[in-house]
There are 2 protein chains.
Amino acid sequence: MNRALFEHLFAVKGIKMTEQRWIIIQAVGDSRDHPDADQVTMRTKAIDPDIGIATVYRTLTLLADLDIIQQHDFGDGRARYEIQNDHHHHLIDVDTGQIVEFKDAQLEEIKSRIAKELGYDLTHHRLELYGRKKQNL
Amino acid sequence: MNRALFEHLFAVKGIKMTEQRWIIIQAVGDSRDHPDADQVTMRTKAIDPDIGIATVYRTLTLLADLDIIQQHDFGDGRARYEIQNDHHHHLIDVDTGQIVEFKDAQLEEIKSRIAKELGYDLTHHRLELYGRKKQNL
DNA sequence: CTAGCTGCAAAACATTTGCATTTCG
DNA sequence: CGAAATGCAAATGTTTTGCAGCTAG
């Protein structure tokens, strides 16, 4: 987590790097799970209790627009966030809520092929698998 | 839309077939788009103005549990519904909101392969593509 | 007859917004 | 200094719920 890096990224767009934003970036970046806005707020409040949830929401939206973080919806009624890593997808364990990340090159190809066939340029997409651990009978 | 069919399906589970439920089933079944709860309510109110939105929500949830309809989330903050048809996916036009349905056998294979590799049995999944119409330059 | 449904209005929830005050550059 | 960002609380929009009365089976 190199603050100067983000400062530069912001400066280019005329966006200010504030103490709050930096704390939020770190909170998401340090998370190995996929926290929702409330969890991000708790983690930032641990560092600076004065950061309000409105700022967290505003910042998360901003960071998502800048492709610094990714916003997900795993179907439980609130958005979840993670720092932008290499491209991957998620498999959600319906029993435990545990999230398994995976990559698949063939999947990416097919996605592009389908869009092409339909005459569209993809802007983004969403793919999640939901399942339960296979039983060894 | 055969009412007796659904009546039987309900009876097996000890669930009552009411006039309201039947109207809601038809409203969703007759829709060629992917209406949200509010749109379903308007369509049912056209037939019986006394049906409340609470009943619509309760019924949509019930029907989704019974796999009679499917619930989608296209990222605009409200759920959308469609009658359970043959399995397909959606491409959402980010400019117009138009929804294109598509099927792809290869995609289904890959999905199963991935789940298998990760040691999971799939219960369901979610795949949506978002894009804009290709320009002919 | 009675368990299950309904309609209404109120509650719950995540997210957004208006505005006065503060802060970054 | 001035534009942009913050914090608070109130507003929003969707979905859920409590409860008294209604209905299917």
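Just so we're clear, the structure is a prediction, and the values are computed from it rather than from any experiment. Reminder, nothing fancy here: chain letters follow the sequence lines and each chain counts from 1.
- Comparing atom distances between the A:Tyr57 side chain and each of D:dA4, C:dT6, C:dA14 picks out C:dA14 as nearest.
- Using a 4.0 Å heavy-atom distance criterion, B:Ile51 is classed as a sugar-phosphate-only contact.
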- Message: Before you tell me yes or no, could you show the steps for A:His89 and A:Leu129 under side chain to side chain contact (heavy atoms under 4.5 Å, CB included), namely the whole-Å CA-CA distance, both residues' side-chain angles and the distance that decides it to 0.1 Å?
- Response: CA-CA 8 Å; A:His89 297 286; A:Leu129 303 181; over 6 Å; no

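- Between B:His88 and B:His34, the two ring planes are perpendicular [angle over 60°; tilted spans 30° to 60°].
- Candidate nucleotides C:dC5, C:dG7, D:dC8 were compared by shortest atom distance to the side chain of B:Gln20, and C:dG7 ranks first.
- With hydrogens and angles disregarded, no donor-acceptor distance shorter than 3.5 Å links the side chain of A:Thr59 to the backbone of A:Arg21.
- Using a 4.0 Å heavy-atom criterion, one finds that A:Ala79 contacts the sugar-phosphate atoms exclusively.
- Heavy atoms of A:Asp50 sit under 4.0 angstrom from primed sugar atoms or phosphate atoms, though from no base atom.
- In this structure, B:Thr55 does not reach the C:dC5 phosphate: none of its side-chain N or O atoms is under 4.0 Å from OP1 or OP2.
- Linking Ile, Leu, Val, Met, Phe, Trp and Tyr whenever their side-chain heavy atoms come within less than 4.5 Å leaves A:Ile92 and A:Tyr81 in two separate clusters.
- Straight-line distance from the CD1 atom of B:Ile24 to the C1' atom of C:dC5: 11 Å, rounded to whole Å.
- Across the protein-nucleic acid pair, B:Ile23 atom CD1 and C:dG7 atom C1' stand 14 Å apart, rounded to whole Å.
- Between A:Ile53 atom CD1 and C:dT15 atom P the separation is 8 Å, expressed in whole Å.
- Of the two residues near DNA chain C, B:Lys45 and B:Gly14, the one whose nearest nucleotide lies more 5' is B:Gly14.
- Put simply, CZ on B:Arg21 is 12 Å from P on D:dA24, counting in whole angstrom units.
- With hydrogens and angles left out, the side chain of B:Arg58 and the base of C:dG7 share a donor-acceptor pair within 3.5 Å.
- Rounded to whole angstrom, the span from the CZ atom of B:Arg78 across to the C1' atom of D:dT15 amounts to 13 Å.
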